[in-house]
Protein chains: 2
Amino acid sequence: MATGRTHRPATRSRGIPEATVARLPLYLRALTALSERSVPTVSSEELAAAAGVNSAKLRKDFSYLGSYGTRGVGYDVEYLVYQISRELGLTQDWPVVIVGIGNLGAALANYGGFASRGFRVAALIDADPAMTGRQVAGIAVQHSDGLEKIISDNGVSIGVITTPPGVAQQVCDRLVAAGVTSILNFAPTVLSVPDGVDVRKVDLSIELQILAFHEQRKAGEEAAAGTDGGAPAVAARGESASADKGPDGDVPAVMPA
Amino acid sequence: MATGRTHRPATRSRGIPEATVARLPLYLRALTALSERSVPTVSSEELAAAAGVNSAKLRKDFSYLGSYGTRGVGYDVEYLVYQISRELGLTQDWPVVIVGIGNLGAALANYGGFASRGFRVAALIDADPAMTGRQVAGIAVQHSDGLEKIISDNGVSIGVITTPPGVAQQVCDRLVAAGVTSILNFAPTVLSVPDGVDVRKVDLSIELQILAFHEQRKAGEEAAAGTDGGAPAVAARGESASADKGPDGDVPAVMPA
DNA sequence: CCCTGTGAATAGTTTCACAGCA
DNA sequence: TGCTGTGAAACTATTCACAGGG
């Protein structure tokens, strides 16, 4: 696996922390909303509130991009929209393919948030011949036989996998072999990819499980409180009852790896 | 708004780090697969590979749960499945409602990963009268007028929001008022909730944007043929605006695999 | 003054490396 | 001997608090 090789000489002129990168889209969305309301400038405090983070964090994040604010005033909304877009690479066009057109694939194809950023759904691909030719979100579904050609004809470097888990790895392999170097995986499987290929995963049930964990803590917390009969207290072995967890509104997206 | 508690006791007891909690579902999935293949025990090295993490991390994670392994041997698969399930609160039944039955809501309703864990879709709710009564994943969609009654009748404490962003906050408010204390939000909006309510969000376009960021770096990388000479003033100061990307070193893969 | 930008302090996470038990 | 469990070190991220420009 990862082989610890390359020990980056720590050259860090332009090294934006992962945690910051993961928040840039958040700021961008908030800024876009302000822009649509023709708000000209915004303070770190206001923008932070709109993005759901705290202002010190936001200022620190922006400091990695450069000094784009004006002391005593705030940030110019349009300028910041542009800078963040550029930093994220959204000023260019990213053709994307979605493989596996079930409900989830269709949901993604219809999702407005893609087109409004730099993403363009170049193709929808499915292995089921019955799906081929069907229109989803105004795009004709193509059969997976042509996957390689579709990738190279469209210069696709980002692929989205929304197939059943059983075929996700082989779809992934084909995507990578065809030239895709970034994959967003919705299938509940661990994908293995060669060095140089990025994978991010979104796992629907993991998020729920994390919520359940915290929910359970809450339930245990009100120890003596006789709540409704809806929640059966599971009394396993010697339980701890003390649970403490900073409730916390701003948990970033899915999970930085 | 961190308000809430000052700081946790922090000492020993039962404070499992968030990062660890977020990985437990991953381990659980890998273990479940092993269990289905009737594998009796597994070493940290093997399990880590299956879950896509490194073994030191996995052992550290497990050490927060207790000492469930056997030195020189590994972990008992069934026992660990049980322990993790219990820790995550999956040994109890979690009725869940999904609000907003578009493609995404339907995808979630059909998602097998829920039922197989402790989650049960108690109701599908939509504001569109045309959806009411329609069957999705074998469950009849109910109108949102009855939301409060559905929540309390079923003792629901976890809600999933898959509505358009414009109505997400009001749906959220109603869920919370009706007693929901954990929310999984798929709408691209920042939800505000009272203290004590957990919100996690899954944002499809954010993930793509993060990929685009790294993808852009890769593309610019070949330009950096010249060795990055002496590190410029560490301060990252100066060198403001302009200059499209002065890409440098590599960005490690998001997920070593 | 107000608000940004940022060093310094703190908190949280990962990795190392090895003691110790089956 | 082989593998877990865990302190300690290294690294990353967040928060504080204030210097300093507008």
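Fair warning: this is a prediction, and the values are worked out from it, not measured in the lab.
- Residue whose closest nucleotide on DNA chain D sits further toward the 5' end, between Thr20(A) and Val42(B): Val42(B).
- Set against dG5(D), dT4(C), dT6(C), the side chain of Ser43(A) has dT4(C) as its closest nucleotide.
- When the C1' atom of dT4(C) is taken as reference, atom CG of Asn54(A) falls 15 Å away, rounded to whole Å.
- The CG-P distance, from Leu24(B) to dT13(C), rounds to 13 Å in whole Å.
- Following rounding to the nearest Å, Arg71(A) (CZ) and dT4(C) (C1') show an atom-to-atom distance of 5 Å.
- Side-chain contact check for Thr70(B) versus Asp76(B): every heavy-atom pair is 4.5 Å or farther apart.
- Side chains of Phe62(B) and Leu80(B) form a contact here, defined as non-hydrogen atoms less than 4.5 Å apart.
- Proximity of Lys57(B) to the phosphate of dT15(C): a side-chain N or O atom is located under 4.0 Å from OP1 or OP2.
- The structure places CD of Gln170(B) at 8.5 Å from OG1 of Thr163(B), a figure rounded to the nearest 0.5 Å.
- For the pair Tyr68(B) OH and dC21(C) C1', the computed distance is 19 Å after rounding to whole Å.
- With 3.5 Å as the limit, one finds a donor-acceptor pair spanning the side chains of Gln83(A) and Tyr79(A).
- Contact between the side-chain N/O atoms of Ser44(A) and the OP1/OP2 oxygens of dC3(C) is not found at any separation under 4.0 Å.
- For the pair Arg23(B) CZ and dG12(C) P, the interatomic distance rounds to 15 Å; values are reported in whole Å.
- Summarising the geometry, atom CD belonging to Glu87(A) is positioned 6.5 Å from atom OH belonging to Tyr68(A); distances are rounded to the nearest 0.5 Å.
- When the side-chain nitrogen and oxygen atoms of Arg59(B) are compared with OP1 and OP2 of dG7(D), none of them lie within a distance under 4.0 Å.
- Residue Glu18(B) contributes atom CD, which lies 13 Å from atom P of dT14(D) at whole-angstrom precision.
- Taking only side-chain nitrogens and oxygens, Tyr75(A) comes nearer than 4.0 Å to OP1 or OP2 of dG5(C).
- Proximity note for Tyr64(B) (side chain, C-beta onward) versus dT14(C), dT4(D), dG5(C): the nearest is dT14(C).
- Summarising the geometry, the separation between CG on Asp76(A) and P on dG22(D) is reported as 16 Å, rounded to the nearest angstrom.
- Taking atom CZ of residue Phe62(B) and atom P of nucleotide dT13(C), one finds them 17 Å apart after rounding to whole Å.
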